[in-house]
Amino acid sequence: MVTPPKQSPATQAITAGRAHSGKSLAPALWASSTWESDGLDDANRRATSTRHNDFYSRYANPTVEQFEHAVAELEGAEAALAFGSGMGAIAATVFALCGTGSHIVAQRQLYAGTLAFLQGPCQRMGIDVTFIDVSTPGAFAEAVIPGRTMLVIAESPSNPRLELADLDELGSIRGPLTLVDSTFATPLGQQPLAHGVDISLHSATKGIAGHNDATLGVIAGDCDLLDDIWAYAVLHGSTPSPFDALNALRGIRTLGVRTRQQNESARSVAVMLADHPMVS
Ligand SMILES: *Cc1c(COP(=O)(O)O)cnc(C)c1O
């Protein structure tokens with residue numbers, strides 16, 4: 001048997017998440033909220049299974065699942081889990097992993113919504129957050145309280161000021177789980193899991209979907225961890241819409257050319273500004 005050559009990430013983006021579409025190149029839109037079952041035992045089995053994809057769409061949905069498979073493949077992850085928005089992904093993940101008395105370490109340079117969530121609802125629920133400066137080497141690890149810190153949250157590049165976290169440093173932290181909001185990089189720009197980070201998170205509303213026609217969030221990581229987060233997420237209810245998942249999966253098909261052009265355009269603007277007489 002001939003082993004196919006390893007695809008480049010941009011090519012992977014064109015083919016990822018197609019395994020369950022039969023011979024169709026595009027995914028089917030499963031708008032259904034509910035599936036028929038073959039009686040009470042069958043219904044009960046589906047209701048108590050993890051991520052059963054033809055039971056009830058708050059639990060899982062075949063169209064959303066294809067989007068999740070595509071993100072998992074691009075992130076080099078075992079699995080992915082989608083949410084109704086990026087904030088839905090953040091809120092559900094934090095509340096799945098933390099409770100009253102838990103401690104979180106987070107960088108100060110965060111998307112305004114994430115910052116407001118950590119300073120507002122989290123503090124109100126009795127979750128303590130220590131904010132550190134992402135540009136200080138070792139700051140994340142130094143702020144970890146052994147036995148109490150459940151989660152370390154980075155965002156790289158950060159929104160809006162593009163500050164960078166050292167992903168290797170983050171990935172080497174033992175004890176708490178580590179999470180990177182990788183929205184601005186997209187899965188083609190960086191793969192946090194390859195640096196030892198536990199969870200890569202995206203507002204897929206942004207670069208992943210790319211056409212302003214989807215509001216969606218997604219996390220990628222190990223199967224067991226994501227199953228645990230799912231068990232809470234299914235109750236939290238930040239459920240992704242199948243239509244938005246379909247749009248986001250179509251967006252992924254052009255992620256390679258879009259990120260290449262964005263990088264080129266950003267470089268041109270930077271070069272122009274660097275030589276501009278009115279800029280110091
Ligand atoms: C937009 C954004 C979010 C929130 O995502 P929504 O889809 O708007 O809920 C989270 N993190 C970053 C870095 C973002 O840019």
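Whatever order the structure lists them in is the order used to number ligands and atoms, beginning at 1.
- P192 places a side-chain heavy atom less than 4.5 Å from the side chain of Q190.
- Here the side chains of H236 and F83 are not in contact, with every heavy-atom distance at 4.5 Å or above.
- Counting heavy atoms of neighbouring residues, nucleotides and ligands inside a 6.0 Å radius, atom CZ of F131 exceeds 12 of them.
- Under 4.0 Å is where a charged nitrogen must lie from a carboxylate oxygen, and between E68 and R51 at least one such pair does.
- With contacts defined as side-chain heavy-atom distances shorter than 4.5 Å, the pair I229/I219 qualifies.
- Taking a cutoff of 4.0 Å between a charged side-chain nitrogen and a carboxylate oxygen, R45 and D41 do not qualify as a salt bridge.
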Could you pull out the N/O contacts under 3.5 angstrom between ligand 1 and the surrounding protein atoms?
residue	atom	partner	partner atom	Å
ligand 1	5 (O)	S203	OG	2.9
ligand 1	7 (O)	G86	N	2.8
ligand 1	7 (O)	S203	OG	2.8
ligand 1	7 (O)	T205	OG1	2.6
ligand 1	9 (O)	G86	N	3.1
ligand 1	9 (O)	M87	N	2.8
ligand 1	11 (N)	D181	OD2	2.6
ligand 1	15 (O)	N159	ND2	2.8
ligand 1	15 (O)	K206	NZ	2.7

